[in-house]
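Excluded from the calculations below are hydrogen atoms, water molecules and symmetry mates; all remaining heavy atoms, backbone and side chain alike, are included.
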Amino acid sequence: MDQSVGLADVRREGVAPSTTPVRVDHQESFGADAFARLALELHDADGMHETVGAVVQFALQAEACSYAGVTLTVRGSREIAAVTDPLVEEIYQLQSDLGEGPLMTALSEGIAVHVPDVAAETRWPAWAQRLGPYRVRSSLHVPMWSGAQLIGVLSLFNTAPNGFSTDDEAIAHILARHASIAVAAERDGETMNAAVDARKLVGQAMGILMERFDLDETRAFEILKRHSQQTNTKLRDVAQELIETRRLGDLR
C-alpha cells in the first residue's frame, strides 16, 4: 500500500467511539477464558462497527493502554472504524497530514510497530515532534490479517513512556487475530448478502422483460447484460433502474 495515501479522505461516518464493553476484571489473568468471552461478544455483535467497537473496549481492559483504535482497509482506502476517544482520531489525522508515523508504517508494510518512548523516537521525527501536545507517550500498532490480506491495524496508546511490556505485545497480537477473524466474517457476510440482493434484483428485472416482451429467461438476461456492458454499469444497477423506472435505455 502506498504510504503517501493519507487518511484525510477517511469515511468518518463509521467511527464508533463507544460500545458496550466486554466486562473483564483488571486483576484477572487474560488467558483462554477472557478471550473466549471476547469471541462470544464478537459473534453476537451486530454489524462491522459494533464488532470493532467491542475489540477496542476489550483492549482498554485487557491491555496496559489508555486509548485504542482500529483502522480498516476498504478497497484501497482507509476507514477509522472504532476509537475509544476522539484523541485517537486526531493522532491518526496528524499522521495523514505529515505523511509519516507508526500507523502509516504498519498499514503500508504490514508489520507490528512499537513506539516505546515518543520523546526518544527517531524513525518519524516530524511526527514525534508534533505529538508533544497530545497525551500519548508510547504506542503499539499491530496489523490485522485475513489470510494474506491486510485488513487493518489495531492501535494501542499509553500516556506513559514504556507503557507496553512483552506480555502486552503478545496479548495485542492475540487480540488483533480475534478482531481479524470477526471483521473478515462480517465482510464475508456483507458480501454474501449483497450478492443475494443483486440476484434478487436481476431476477425481478428479468421478470419484467419476460412479461413485457414475451421473452424467455436467457434472452431477458442477455438484454440486461448487454445494456450493462454498453453503459459500463453494474448489472445490479441496471436491474435496479429497470425495476424503479420500468425503462431501460431504448426499451420501453
Side-chain angles (χ1 to χ4, degrees), residues 1-16 42 45-53 55 69-83 89 92-93 95-97 99 103-104 107-110 143-153 179-252:
M1 185 182 296
D2 185 359
Q3 188 171 342
S4 64
V5 178
L7 291 168
D9 58 350
V10 160
R11 296 196 298 278
R12 296 192 177 276
E13 65 273 16
V15 172
L42 298 182
D46 183 17
M48 178 73 70
H49 295 106
E50 184 172 329
T51 297
V52 292
V55 169
V70 168
T71 303
L72 300 178
T73 58
V74 184
R75 292 183 293 276
S77 63
R78 296 158 184 167
E79 173 186 352
I80 302 174
V83 297
E89 290 185 68
Y92 285 164
Q93 188 59 49
Q95 295 183 61
S96 173
D97 295 341
L103 173 64
M104 303 289 278
L107 282 168
S108 63
E109 300 182 16
M144 296 164 50
W145 293 92
S146 177
Q149 180 182 11
L150 180 68
I151 63 174
V153 170
S180 300
I181 293 171
V183 169
E186 284 286 345
R187 286 183 172 178
D188 287 346
E190 291 175 357
T191 301
M192 183 177 298
N193 290 337
V196 170
D197 290 343
R199 286 197 295 269
K200 289 180 178 178
L201 288 174
V202 171
Q204 292 177 32
M206 288 171 58
I208 293 172
L209 293 176
M210 291 165 66
E211 180 181 2
R212 181 178 300 179
F213 299 104
D214 192 23
L215 304 174
D216 60 19
E217 290 185 0
T218 300
R219 180 60 179 150
F221 181 75
E222 288 176 351
I223 291 175
L224 292 174
K225 183 178 180 181
R226 182 174 67 248
H227 187 77
S228 172
Q229 294 171 340
Q230 290 175 345
T231 60
N232 194 29
T233 306
K234 291 181 179 180
L235 187 61
R236 181 192 188 283
D237 295 335
V238 170
Q240 185 74 53
E241 175 192 350
L242 179 58
I243 293 169
E244 292 179 351
T245 67
R246 291 301 195 268
R247 302 174 60 181
L248 188 65
D250 294 331
L251 296 177
R252 299 291 187 270

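- Identified under the salt bridge (Lys or Arg N to Asp or Glu O under 4.0 Å) test for residues 214-223, with sequence neighbours left out: Arg219-Glu222.
- Between the CG atom in Leu242 and the CD1 atom in Ile208 there is a gap of 4.5 Å [rounded to 0.5 Å].
- For Ala239, the side chain to side chain contact (heavy atoms under 4.5 Å, CB included) criterion is met by Leu201, Val202, Ala205, not counting sequence neighbours.
- Here the shortest heavy-atom pairing between Thr71 and Arg78 reads CG2-CB, 4.3 Å.
- A side-chain donor-acceptor contact under 3.5 Å links Gln95 to the backbone of Leu103.
- Using a distance-only test at 3.5 Å, with no hydrogens or angles considered, a donor-acceptor pair links the side chain of Ser180 to the main chain of Trp145.
- Between Leu150 atom CG and Leu72 atom CG the span is 10.0 Å, to the nearest 0.5 Å.
- Nearest heavy-atom pair across Met206 and Ala220 is O-CB, 3.8 Å.
- Under the 4.5 Å side-chain criterion, counting only non-hydrogen atoms from C-beta, Val183 is not in contact with Val70.
- Under the 3.5 Å distance criterion, the side-chain polar atoms of Arg212 are matched with a main-chain donor or acceptor of Arg246.
- The environment of Glu211 atom CD is sparse: at most 12 non-hydrogen atoms of other residues, nucleotides or ligands sit within 6.0 angstrom.
- For the pair Ser228 (side chain) and Val238 (backbone), a donor-acceptor distance under 3.5 Å is absent.
- Partners of Thr231 by side-chain hydrogen bond (donor to acceptor under 3.5 Å, both in side chains), not counting sequence neighbours, listed by chain and number: Thr233.
- In this structure the side chain of Asp97 reaches within 4.5 angstrom of the side chain of Gln93, judged on heavy atoms.
- Distance check: Leu107 CG to Tyr92 OH gives 8.5 Å after rounding to the nearest 0.5 Å.
- Within the model, atoms OG1 of Thr218 and CE of Met210 stand 9.0 Å from one another, a figure rounded to the nearest 0.5 Å.
- For the pair Gln240 and Lys234, the minimum side-chain heavy-atom distance is 4.5 Å or more.
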